[in-house]
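Following: one structure in structure tokens, then a few remarks.
When reading the values below, keep in mind they use all heavy atoms of this one structure, side chains included, and skip hydrogens, waters and symmetry mates. By convention in this document, chain letters (A, B, ...) are assigned in the order of the sequence lines, proteins followed by strands, and residues within each chain are numbered from 1. Model, not experiment: these values are computed from the prediction.
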Amino acid sequence: MSDERRKPFPFDEFEPRWQQRWDDEKTFRTPNPGDPDFDASKPKFYVLDMFPYPSGAGLHVGHPEGYTATDILGRTKRRQGFNVLHPMGWDSFGLPAEQYAIKTGQHPRVTTEANIDNFRRQLKSLGFGYDWDREVATTDPEYVRWTQWIFLQLYHSYFDGETGVAKPVSELEANGWTPGQIDEVRLAYIHEAPVNWSPSMGTVLANEEVEEWRAKGETVERRPLRQWMLRITKYAQRLIDDLDPLDWPEGIKLLQKNWIGRSEGAEVEFDLEGHPVTVFTTRPDTLFGATYMVLAPEHPLVAEITTAARKETVESYVKACAGKSDMERGDLNKDKSGVFTGAHAVNPVNGEEIPVWIADYVMMGYGTGAIMAVPAHDERDFEFATKFELPIRQVVEPANGADWQGYTDPGTAVNSGFLDSLPTADAKAKIIEWLEENGKGTRRINYKLRDWLFSRQRYWGEPFPLIWNRETGEHAAIPESELPLLQPEMEDFKPTGDPRGPLIKASDWIHYSDEFERETNTMPQWAGSCWYYLRYCDPRNKERFIGREAEQYWGGGSTGMVDLYVGGTEHAVLHLLYARFWHKVLFDLGHLSTGEPFQKLVNQGLILGEDGQKMSKSRGNVVNPDDIVREHGADALRLYEMFMGPLTDTKPWQMKGVEGVSRFLARVWRVAMAQDHAGEWRMSDKVRDVPCGDKALLKVVHETVKKVTEDIAKMSFNTAISQMMVCTNAFTQAEVVPRREFTLLLSVLNPFAPHLSEELNRRIGNEDQLATQPWPDHDESALVESEVELVVQVNGKLRDRITVAKDAPKEDIEAAARASAKVREHTDGKTVRKVIVVPGRLVNIVAN
RNA sequence: GGCGGCUUGGCGGAAUUGGUAGACGCGCUCGACUCAAAAUCGAGUUCCUCUGGAGUGUGGGUUCGAGUCCCACAGCCGCUACCA
């Protein structure tokens, strides 16, 4: 029994054949402005997938979910007359390739290229209509050139607070600013920051990686290191405000807003043993209720103000905190800790002396690293005060008679001098006014968002195009003509334990000149993924990161450049925030004409394993797309992933479901094809070039064209497919298959199952590829019926159905309904109170 | 703890946005074809105490009419975590 006998239709023969043809003929190539075949009269549609990290494991079934959705949209829009930009590429820097290199000595470029080849093969085997001429990899030297160039734009810019936009620092130089002053405002700046340093691995780790590596036995400590930072905080307000006009899921917008974390309040200056100390509070109205102050353990004043008697206790507490990661500090959530410094601060509003503590529930990185504690009206302060028996003083009267202890909602000010009896909002305004008049504080808006720690101690990343003066310790940019600056060739990637990273070993490379040496840090993986959607627009441009004309065309006409961006929620915060930030900087500097990168965002739902659990190697529930393509074909995989349920839902994989859609495709095949005695597929003699005589069949075909068109626009692919199944069932039962009508079905099936639809289209004698044919319109006249069936309810319960003329007047419908014997059974002996007639739908008779 | 999402047959999911609940698919049952099986085709399939009744997580409300709107509660799943 050969394999071929078991295939319900010969997808294994025709799928690779069509893929080859699309490749050879460049069917899905998209001309750019300036190309001879570019048609400027067509509107543009830029549909983008989140490009994958080409891991050694290959494609996961989660990838084709979003990719098929965008492919359906792209293919449809193309046939609807749009210039469709639908590209693919590789987010190819990243830690796994480097780790693998450390283990095996194989250069990361080698493994990365092999992985990319595998991913490309897999994607091509699914028949996606990408313009492969626009493929980019973030590791391509030509791509690295422009990533570094964009970094230099940031390096050479500052944020002008007056106008709220980025400007070149050359303007400051012209105004006589010193290099030192300019470094204070650059968008890319050097900063000594505490990071998670792993001595055993010789690299810094992101906060979220710390636990994972500790569990594997690696050591991690907090250590201040010289790091490159990007001043994203300057864009906090714009990053919030500009979310508004974007067509993104509300949940994702909220996630971004919460991450940026704007809060309004005031800064208040206390006198701490002769030092002015500023605290930030969102509740300045509770200033009279401050009964103690807390400094973060890392606060610079701690050592200075601690009294001799408390010195030992304080020092050991500070040391204990220094060893903890942010995560661990968070874990101790429930149990507050802290120590008294022995010092006191003076409350500016009433001259009261309050004790000053240090505690790790106050973070150095947010606000000023110091707080005034109002235990009566702040949960954390309340908990702390209770534990350490500090005084708790009521200054807000709850609005609803609730207990004032730990009451944090707005109310009325009490025990607060000139604020008494004011509602919270008014009290806030009044105290800020007082603070400003007396020079003791000011209105202030704070953001949770921190500046972006942009340097990594790794080999497989973009080197910074910067050099350091050995004598003066000043940094400078290398000229653009020296880009791209690639990593030196190295044999040994092992970490040295030197916090400057593995590039420190390449002494020839580091030596720039007698005067200067190179920066040895590299950029994070985010750098490449921050702007790849720009490069796709003009991927081979040698002069610019994106040509002016291409930028204007592909970004034109909307707030955000990309019309539709599809990907997973895991990138809801960081990737999207970083890309928006870079986009805005480039916009400010005049390189882009849109203010936002992504107009519409859709998050595909997670595909779970057959057991309803997240797919993972350890659970053994991972589905490999290659297996599905081999068994059932690419069209079946595409169709199944779209048929599982709504794109945005989380849903479990079901192998039986794949068989179901495969059966559907086989049914479509057999509508037009039959096997002869030799087992060869031949066109069925049911297919005829005749007008469709079957009204019901004609109707379902046109309903299908209409519904599929509408459902694609709504991205409701599962219902589009079920409609095509209904249509196919009608064809299966038909005596004659009119070629024109069957072609219509193939035409709308084409974006979903491109191989099968093209193959059948050709086999039934149509010459042109469906992919190049205009999208069909449905014929409204095929849909109209002269009669409609209505439901008759009595008191909301279904009792009968009646058939009436489509445009029958309400009175006639009511009369017909009341004439029904079944209705009478339920109304006899009752009084009809009301009759509701919804034409085309139902009649409801209210009787009692 | 905070924020967000979800909850409809044995299973995945439909429901014109307030108007026939369960489209379509899976599974299952029966029939045709077959020596037989697979495949295929056809019929059926929410539940029950079945000429009737109940039913969209639970309890209430609005309405002629609620899966859909409002209030309260419960259960799952994500993300986040002392942000003053």
Side-chain angles (χ1 to χ4, degrees), chain A residues 1 5-6 8 208 249-255 257-259 261-263 265 279-283 286 294 296 326-327 329-336 359-363 365-374 378-381 383-384 408 446-450 569-570 572-573 603 605-606 608 612 614 640 643-646 648-661 663-664 666-667 670 707 710 716 718-726 728-729 732-733 789-801 833-836 838 840-847:
Chain A
M1 189 74 58
R5 277 284 299 270
R6 281 206 293 275
E208 54 273 21
E250 283 307 314
I252 303 299
K253 288 190 185 183
L254 205 63
L255 226 49
K257 281 184 193 163
N258 291 344
W259 187 265
R262 176 192 160 103
S263 45
V279 302
F280 173 72
T281 175
T282 55
R283 292 297 300 273
T286 62
V294 187
D326 286 350
M327 278 288 264
R329 272 167 81 152
D331 278 348
L332 302 174
N333 213 334
K334 278 169 201 104
D335 201 18
K336 292 264 182 303
D360 67 0
Y361 82 92
V362 174
M363 308 286 148
Y366 180 74
T368 61
I371 63 156
M372 64 175 209
V374 185
D378 181 280
E379 261 178 71
R380 296 147 302 176
D381 298 345
E383 200 186 313
F384 191 82
T408 58
N446 252 328
Y447 300 91
K448 269 201 293 194
L449 184 68
R450 314 291 165 83
T569 2
E570 66 273 20
V573 177
N603 288 124
L606 202 63
L608 304 174
K614 214 167 179 162
Y640 172 63
F643 186 61
M644 291 173 85
T648 55
D649 282 12
T650 301
K651 45 216 174 272
W653 185 271
Q654 295 188 120
M655 229 24 119
K656 285 287 185 187
V658 185
E659 289 170 28
V661 292
R663 262 200 291 269
F664 159 65
R667 280 165 73 88
R670 288 194 311 266
K707 185 160 173 59
E710 289 167 355
S716 177
N718 54 332
T719 53
I721 293 166
S722 84
Q723 179 64 39
M724 292 188 281
M725 286 172 167
V726 171
T728 302
N729 292 344
T732 300
Q733 294 183 350
E789 190 186 64
L790 300 191
V791 165
V792 184
Q793 299 177 334
V794 177
N795 293 332
K797 287 200 162 67
L798 175 63
R799 296 302 179 191
D800 200 7
R801 292 156 206 274
R833 301 285 174 195
K834 200 172 178 182
V835 179
I836 288 116
V838 184
R841 294 240 164 273
L842 55 67
V843 180
N844 189 12
I845 299 170
V846 187

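- Taking A:T408 as the reference, nothing meets the side-chain contact (heavy atoms from CB on, under 4.5 Å) condition, with sequence neighbours excluded.
- Partners of A:K656 under the salt bridge (Lys or Arg N to Asp or Glu O under 4.0 Å) rule, at least two apart in sequence or in another chain, are A:E659.
- Phosphate proximity of B:rA84 to A:S263: present, with a side-chain N or O under 4.0 Å from OP1 or OP2.
- Considering only residues two or more places apart in sequence or on other chains, A:T368 meets the side-chain hydrogen bond (donor to acceptor under 3.5 Å, both in side chains) condition with none of them.
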Distances for protein N/O vs nucleotides 49-56 of chain B N/O pairs under 3.5 angstrom?
none

Fill in: Under 4.0 Å protein heavy-atom contact, by nucleotide of nucleotides 15-25 of chain B - B base, S sugar-phosphate only
-B--BB--BBS

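- Remark: A:R799 pairs with A:H826 by the side-chain hydrogen bond (donor to acceptor under 3.5 Å, both in side chains) rule, at least two apart or across chains.
- For A:V846, the listed nucleotide lying nearest its side chain is B:rC64; candidates were B:rG12, B:rC82, B:rC64.
- A distance of about 22 Å separates the C1' atoms of B:rG25 and B:rG31, rounded to the whole Å.
- With sequence neighbours left out, the side-chain contact (heavy atoms from CB on, under 4.5 Å) criterion links A:T728 to A:F664, A:R667, A:V668, A:V671, A:T732, A:L745.
- Every residue two or more places apart in sequence or in another chain that forms a side-chain contact (heavy atoms from CB on, under 4.5 Å) with A:K834 is listed here: A:I836, A:V846.
- Evaluation of the side-chain contact (heavy atoms from CB on, under 4.5 Å) rule for A:L798 yields A:V791, A:R801 as partners, not counting sequence neighbours.
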Worksheet item: With Watson-Crick and G-U wobble geometry limited to distances under 3.5 Å, how should the secondary structure of RNA chain B be encoded in dot-bracket form, using | for bases paired to another strand and [ ] for crossing pairs?
Response: (((((((..(((......[....)))((((((.......))))))(((...)))..(((((..]....))))))))))))....

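- Contact check for A:V374 versus A:R283: no side-chain heavy atoms found under the 4.5 Å cut-off.
- A:Y447 is linked by a ring-ring contact (aromatic ring centres under 6.0 Å, His included) to nothing, counting only residues two or more places apart in sequence or in another chain.
- Residue A:Q733 is classed as a sugar-phosphate contact, given heavy-atom separations below 4.0 Å to backbone atoms only.
- B:rU8 and B:rC3 have their P atoms separated by 25 Å, given to the nearest Å.
- Judged as a ring-ring contact (aromatic ring centres under 6.0 Å, His included), and not counting sequence neighbours, the contacts of A:Y640 are A:W653.
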